[in-house]
> 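First the structure, which I've put down as structure tokens, then a few questions once you've had a look.
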Amino acid sequence: MQMTSKLRIGLIGAGYWGPNLARNFVEMNDSELVAVADLDQAKLDKMKSRFPKIITTRIYQDLFDLNLDGVVIATPPITHYKFASECIENGLHVMVEKPLVLNSPQGEKLVQLAAQKQRILMVGHTFEYNPAVRYIKEVIDSGELGEVYYIDAVRANLGLFQPNVNAMWDLAPHDISIVLYLLGQEPLSVSSEGGMYVTKKIKQHDVVYMHMRFPEGVLATIRLSWLDPAKTRRITVVGSKKMLIYDDVATTEKVKIYDKGVETPDYVEKYEDFQCSYRYGDITAPHISGEEPLRMECQHFLDCIKYGWQPQSDGESGVRVVRVLEAAEKSLHGSGGQVQVAVPEYARPRAVGAGD
Ligand SMILES: NC(=O)c1ccc[n+]([C@@H]2O[C@H](COP(=O)([O-])OP(=O)(O)OC[C@H]3O[C@@H](n4cnc5c(N)ncnc54)[C@H](O)[C@@H]3O)[C@@H](O)[C@H]2O)c1
């Protein structure tokens with residue numbers, strides 16, 4: 001029997017999210033969690049007691065001397081660019097937690113560096129690996145919902161407050177990545193408005209409303225809040241034929257497809273001609289696989305290293321999300337008006353058949 005060696009993985013960041021990543025790399029058959037770095041010795045001690053075989057260190061550069069294949073970065077976003085570039089410079093494949101970086105020039109540099117060094121650069125857009133989101137993408141692409149009119153997303157809870165970023169940079173990467181993945185498009189412009197309530201003293205927004213405009217008039221709205229009594233993770237997709245609600249907090253029937261719609265007359269000359277007829281059909285709740293999205297994401301990182309695949313959530317998709325956040329941030333600190341999403345020429349989708 002042929003023995004295949006396990007990929008040697010290191011982790012930087014053992015705070016709230018790091019242990020979830022650690023558990024997955026320990027449990028998967030084709031990886032070995034070799035080392036964990038964190039500034040906080042107490043967090044390292046906790047990791048060591050849970051995973052006794054790992055090496056722990058307070059100096060992340062120690063990871064460069066351990067013959068690792070890849071590193072996963074789960075530290076505050078402000079550190080992502082520095083840590084990811086150093087890992088790539090040291091010949092390591094990298095998976096960086098969301099958001100990839102805090103500005104698009106840094107993201108573009110990181111993408112270039114990874115390409116130049118031929119290393120995998122992946123961003124932790126976990127929901128792109130979520131079976132429910134993948135199912136919704138299939139439903140949209142099959143045309144079952146008809147033409148997508150708009151998407152409405154809510155990500156709200158009480159906390160967890162983050163000191164270095166506002167609620168938008170913390171929470172919106174998930175919904176922006178979901179919307180871009182579902183529509184297969186980037187928004188033309190974004191607007192956002194928000195409030196600083198509990199976070200007033202540190203001048204960070206804890207509540208933000210974002211609106212994205214896509215080609216063909218498609219709209220996407222995202223409400224983000226660290227100040228809400230109920231944990232809500234809900235996405236509504238309204239199409240010309242059917243509508244869909246994805247409730248990530250529900251324990252069963254997370255996705256429901258509503259055969260509901262409105263028919264309007266073909267010809268409307270005056271207001272009185274506009275008589276709508278409403279259709280109330282069946283509600284279906286398809287079976288959705290219960291696989292852990294984070295496990296699928298971590299497995300994908302290993303597969304990309306092993307087979308040289310381009311990650312589903314590659315560096316470029318990380319930068320696409322950052323560009324939307326940058327435009328939204330401009331709007332948030334301005335008058336709340338629409339701000340164009342700056343997409344450099346090289347990153348614009350090319351017309352089919354445009355040739356090389
Ligand atoms: N994909 C998801 O669903 C998901 C969920 C939660 C958090 N995240 C992301 O994970 C990242 C970490 O978030 P968190 O909530 O775990 O934050 P956290 O503050 O709980 O943990 C961050 C850890 O990084 C350590 N750290 C900071 N600077 C360091 C340095 N120079 N060297 C070594 N360690 C250092 C801190 O000591 C801390 O233990 C963020 O990018 C966040 O957006 C992703």
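Nothing fancy with the numbering, it's 1 onward along the sequence. Ligands are counted one by one from 1 in listed order, and the atoms in each one are counted from 1 as well.
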> Please say whether Trp17 places an N or O atom under 3.5 Å from an N or O atom belonging to ligand 1.
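Yes; at least one N/O pair falls below 3.5 Å.
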> Can you list the atoms of ligand 1 that are under 4.0 Å from a heavy atom of His80?
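So the answer, numbered in order with elements, is 41 (O).
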> Where does Arg58 meet ligand 1, judged by heavy-atom distances below 4.0 Å: at the side chain, the backbone, both, or neither?
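Neither; no heavy atom under 4.0 Å.
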> Relative to atom 22 (C) of ligand 1, which among Ala74, Gly18, Ala42, Gly13 owns the nearest non-hydrogen atom?
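Selected option, by shortest heavy-atom distance: Ala74.
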> Work out which heavy atom in Leu294 is nearest to a heavy atom in Leu21; give both atom names and the distance.
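Closest approach of Leu294 to Leu21, heavy atoms only: CD1-CD2, 3.8 Å.
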> Does Tyr60, backbone or side chain, put an N or O under 3.5 Å from an N or O of ligand 1?
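No - when backbone and side-chain N and O of Tyr60 are compared with those of ligand 1, no distance drops under 3.5 Å.
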> Would you kindly say whether Asp30 and Gln299 are connected by a side-chain donor-acceptor distance under 3.5 Å?
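Present: a donor and an acceptor within the cut-off.
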> Under a 3.5 Å cutoff, is there a donor and acceptor pairing between the side chains of Tyr60 and Glu86?
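Side chains of Tyr60 and Glu86: pair found under 3.5 Å.
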> Between Lys241 and Glu263, is the closest basic N to carboxylate O distance under 4.0 Å?
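A salt bridge is absent here (no side-chain N lies under 4.0 Å from a carboxylate O).
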> Closest by any non-hydrogen atom to atom 29 (C) of ligand 1: pick that one out of Leu100, Leu39, Val165.
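Looking at heavy atoms only, the winner is Leu39.
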> For Thr221 and His211, test the side chains for any donor-to-acceptor distance below 3.5 angstrom and give the result as yes or no.
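His211 and Thr221 do have a side-chain donor-acceptor pair below 3.5 Å.
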> Can you list the atoms of ligand 1 that are under 4.0 Å from a heavy atom of Thr126?
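Those of ligand 1 that fall under 4.0 Å from Thr126 are 1 (N), 2 (C), 3 (O).
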> Do Trp226 and Asn166 meet the criterion of a side-chain donor-acceptor pair at a distance under 3.5 Å?
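Result is no, nothing qualifies.
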> Going by the order shown, which atoms of ligand 1 are within less than 4.0 Å of some heavy atom of Pro76?
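So the atoms of ligand 1 that pass are 22 (C), 24 (O), 27 (C).
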> Pairs of nitrogen or oxygen atoms closer than 3.5 Å, one from Glu97 and one from ligand 1: do any exist?
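Yes: some nitrogen or oxygen of Glu97 is under 3.5 Å from one in ligand 1.
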